[in-house]
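Note sheet for the following structure.
Chain letters run A, B, ... following the sequence lines, proteins first and then strands; every chain starts at 1. All heavy atoms count here, side chains included; hydrogens, waters and symmetry mates do not. The model shown is predicted, which means the values in this text are computed figures rather than measured ones.
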Amino acid sequence: MQIQQIHPWPSSVEEATEIQETLRNQVITTDQLNTPIQYVAGVDMGFLEDGTMCRAAVAVLSFPDLKVVETSLVYRPTTFPYIPGFLSFREIPAILDALEKIKNIPNIILCDGQGIAHPRRFGIACHLGVLVDIPTIGVAKSLLVGKYEELPAAKGSWQPLIHKNETVGAVLRTRTGVKPLYISSGHRISLPTAIDYVLRCTSKYRLPETTRIADKLASNR
DNA sequence: GCGACAG
DNA sequence: ATCTTGTCGC
């Protein structure tokens, strides 16, 4: 797929913050999906050589049967450090390169990390979604910001994730009795719809199949 | 000023 | 993210 270069990559947190403050206005948190949903994708990163090199992986699966139809893997130098709140600047450059090699354009991309459940409402899922203009969902394994009430142990149960008096996402149990996932809108999708697709992309494990496959590729397992 | 802090 | 063995529980 073709990818537009919208902005240069920053070399400081100040520049990165400006980009976030600007692009956050382009995020859409209502449903704008192209139906029917035929392909869903997962993206993930792995680091090697003491973190100086990284590997970005994309896995495109058919929906709703969740069969792998295409994968992409790129190996690149790491260009930005990990700073909470600025994850996208570390991971997206390589992810875009991996996405560029994909031929089956996904209808939804599940990202490893937050969407609008972010201090400036612009987590990695929002950033990637705005850059490629594809619906994205933030699927994080741990909390960045917000609070929530404890939720039932049953798969499918969830609680709103609140930050500064605002619902920014959901804490979702994707597997009974297992730690929940933090779901939030990335771009062009609402929270209820995001929760629905995350559950429909999850079969036997805590993580959606999309991210599990991309995870394996990126870590070479 | 003191903690919290996606991957 | 990554370094790492066994171990508890369904």
Calculate the interatomic distance between [X] atom [atom1] and [N] atom [atom2]; express it in whole Å.
X	N	atom1	atom2	answer
Tyr75(A)	dA1(C)	OH	P	18 Å
Ile183(A)	dA6(B)	CD1	C1'	12 Å
His118(A)	dA6(B)	NE2	P	11 Å
Leu207(A)	dG7(B)	CG	C1'	13 Å
Leu87(A)	dT2(C)	CG	C1'	15 Å
Lys155(A)	dC10(C)	NZ	P	19 Å
Glu49(A)	dC3(C)	CD	P	11 Å
Ile95(A)	dG7(B)	CD1	C1'	10 Å

Would you say the side-chain atoms of Glu70(A) pair up with the backbone N or O of Lys103(A), donor to acceptor, closer than 3.5 Å? yes
Look at the side chain of Glu91(A) and decide which nucleotide, out of dG7(B), dA6(B), dA1(C), has an atom nearest to it. dG7(B)
Between dA1(C) and Ser219(A), is there an OP1 or OP2 to side-chain N/O distance shorter than 4.0 Å? no
Under 4.0 Å from OP1 or OP2 of dA6(B): is there any side-chain N or O of Lys141(A) that close? no
Parallel, tilted or perpendicular: rings of Tyr148(A) and Tyr182(A) (30°, 60°): perpendicular
Parallel, tilted or perpendicular: ring planes of Phe80(A) versus Phe89(A), cut at 30 and 60 degrees: tilted
Paired with His127(A), the ring pair (Phe, Tyr, Trp, His ring centres under 6.0 Å) test is passed by just one of His118(A), His187(A), His7(A), namely His7(A)
Would you call Tyr82(A) stacked on dG7(B), i.e. ring centres under 5.5 Å apart with the planes less than 30° off parallel? yes
Mind checking if [X] touches a base, just sugar-phosphate, or nothing, with heavy atoms under 4.0 Å?
X	result
Ile124(A)	base
Gly177(A)	nothing
Phe86(A)	base

Taking only Lys NZ, Arg NE, NH1 and NH2, and the carboxylate oxygens of Asp or Glu, determine whether Lys216(A) and Asp44(A) approach each other closer than 4.0 Å. no
